[in-house]
Amino acid sequence: LQNQAVLQTNDDLFIRIYAANEEVIDFSCASINKLLYVSWHLGNAHCPVQVLDDVVRIRFDTVLEKQINKLGVTSQRLKASFTPINRQQG
């Protein structure tokens with residue numbers, strides 16, 4: 001289920017689903033080309049990603065954080081919802 005999905009029960013009740021906050025890392029870069037390069041590396045590592053306006057988000061992973069930071073990007077650890085791209089979206 002995706003964040004903020006709405007389910008309807010048999011008795012016509014509606015339930016909205018909210019993703020729980022979890023430890024994530026947001027990566028940002030000075031240029032879109034660099035951000036695409038970072039995204040390629042994360043995909044090459046088979047890492048689920050969430051693409052936001054100017055940030056790529058992953059679940060917290062110390063090893064990936066160190067590897068991606070070596071590429072000269074800015075990273076920020078935070079607690080936030082994580083809704084990765086799935087095969088149907090991508």
Side-chain angles (χ1 to χ4, degrees):
L1 295 173
Q2 296 295 318
N3 188 35
Q4 298 192 20
V6 177
L7 304 176
Q8 183 176 5
T9 66
N10 290 337
D11 27 342
D12 288 329
L13 294 174
F14 293 89
I15 301 168
R16 185 173 302 274
I17 305 300
Y18 292 98
N21 288 341
E22 56 186 294
E23 290 187 56
V24 296
I25 306 169
D26 283 358
F27 295 104
S28 58
C29 305
S31 73
I32 189 69
N33 289 340
K34 183 81 134 188
L35 195 57
L36 289 171
Y37 184 65
V38 167
S39 299
W40 179 85
H41 275 284
L42 292 167
N44 197 39
H46 302 280
C47 176
V49 299
Q50 179 179 1
V51 179
L52 303 168
D53 288 335
D54 57 352
V55 170
V56 174
R57 177 174 289 168
I58 65 170
R59 281 190 177 96
F60 177 75
D61 183 306
T62 304
V63 173
L64 282 175
E65 181 182 32
K66 288 179 183 176
Q67 289 176 342
I68 299 301
N69 281 338
K70 287 180 183 177
L71 299 174
V73 302
T74 302
S75 65
Q76 178 183 9
R77 293 183 189 183
L78 60 146
K79 284 204 170 225
S81 65
F82 179 66
T83 308
I85 296 172
N86 62 39
R87 292 180 186 201
Q88 289 78 28
Q89 291 172 315

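Because the structure is a prediction, the values reported are computed rather than measured.
Distance check, rounded to the nearest 0.5 Å: CG of L35 to CH2 of W40 gives 15.0 Å. One finds the CG atom of L7 at 6.0 Å from the CD1 atom of I15 (value rounded to the nearest 0.5 Å). Atoms OG and CD1, on S39 and I58 in that order, are 10.5 Å from each other to the nearest 0.5 Å. Atom-to-atom distance recorded for I25:CD1 and E65:CD is 4.0 Å, nearest 0.5 angstrom.
By the rule that hydrophobic residues join a cluster once side-chain heavy atoms approach within less than 4.5 Å of another member, I17 and L13 end up as members of separate clusters. One hydrophobic cluster, built from ILVMFWY side chains closer than 4.5 Å, cannot hold both V24 and V51; they sit in different ones. Put simply, V63 and F82 are part of two different groups of oily side chains (I, L, V, M, F, W, Y) that touch within less than 4.5 Å, one to the next. One hydrophobic cluster holds both L71 and V49 under the rule that ILVMFWY side chains link at heavy-atom gaps under 4.5 Å. Under a hydrophobic clustering in which Ile, Leu, Val, Met, Phe, Trp and Tyr are joined whenever their side-chain heavy atoms come within less than 4.5 Å, directly or via other members, L52 and L42 fall into different clusters.
Proximity of a side-chain donor or acceptor of R16 to a complementary backbone N or O of Q4 within less than 3.5 Å is detected. Formation of a donor-acceptor pair under 3.5 Å by the N21 side chain with backbone atoms of S81 is found in this model.
In plain terms, the two heavy atoms of Q76 and L78 that are nearest each other are O-CD2, 3.3 Å. Nearest heavy atoms, S28 versus V55: CB-CG2, 4.4 Å. The shortest heavy-atom contact between L64 and A45 is CD2-CB, 4.1 Å.
Under the rule for a ring pair (Phe, Tyr, Trp, His ring centres under 6.0 Å), the partners of Y37 that lie at least two apart in sequence or sit in another chain are H41.
A salt bridge links R59 to E22: at least one charged side-chain nitrogen sits closer than 4.0 Å to a carboxylate oxygen.
Within the structure, the salt bridge (charged side-chain N to carboxylate O under 4.0 Å, His left out) test picks out the following pairs touching residues 33-58 (sequence neighbours left out): D26-R57. Legend: ring-ring contact (aromatic ring centres under 6.0 Å, His included) pairs involving residues 1-27, not counting sequence neighbours: none detected.
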Chi angles and distances behind the side chain to side chain donor-acceptor pair (under 3.5 Å) call for N69, S75: CA-CA 7 Å; N69 281 338; S75 65; 3.1 Å; yes
Verdict with reasoning, D11 to T9, per side chain to side chain donor-acceptor pair (under 3.5 Å): CA-CA 5 Å; D11 27 342; T9 66; 3.3 Å; yes
side-chain contact (heavy atoms from CB on, under 4.5 Å) between E23 and R77, intermediate numbers included: CA-CA 7 Å; E23 290 187 56; R77 293 183 189 183; 6.0 Å; no
Test log, rule side-chain contact (heavy atoms from CB on, under 4.5 Å), inputs V38 and C29: CA-CA 9 Å; V38 167; C29 305; 4.1 Å; yes
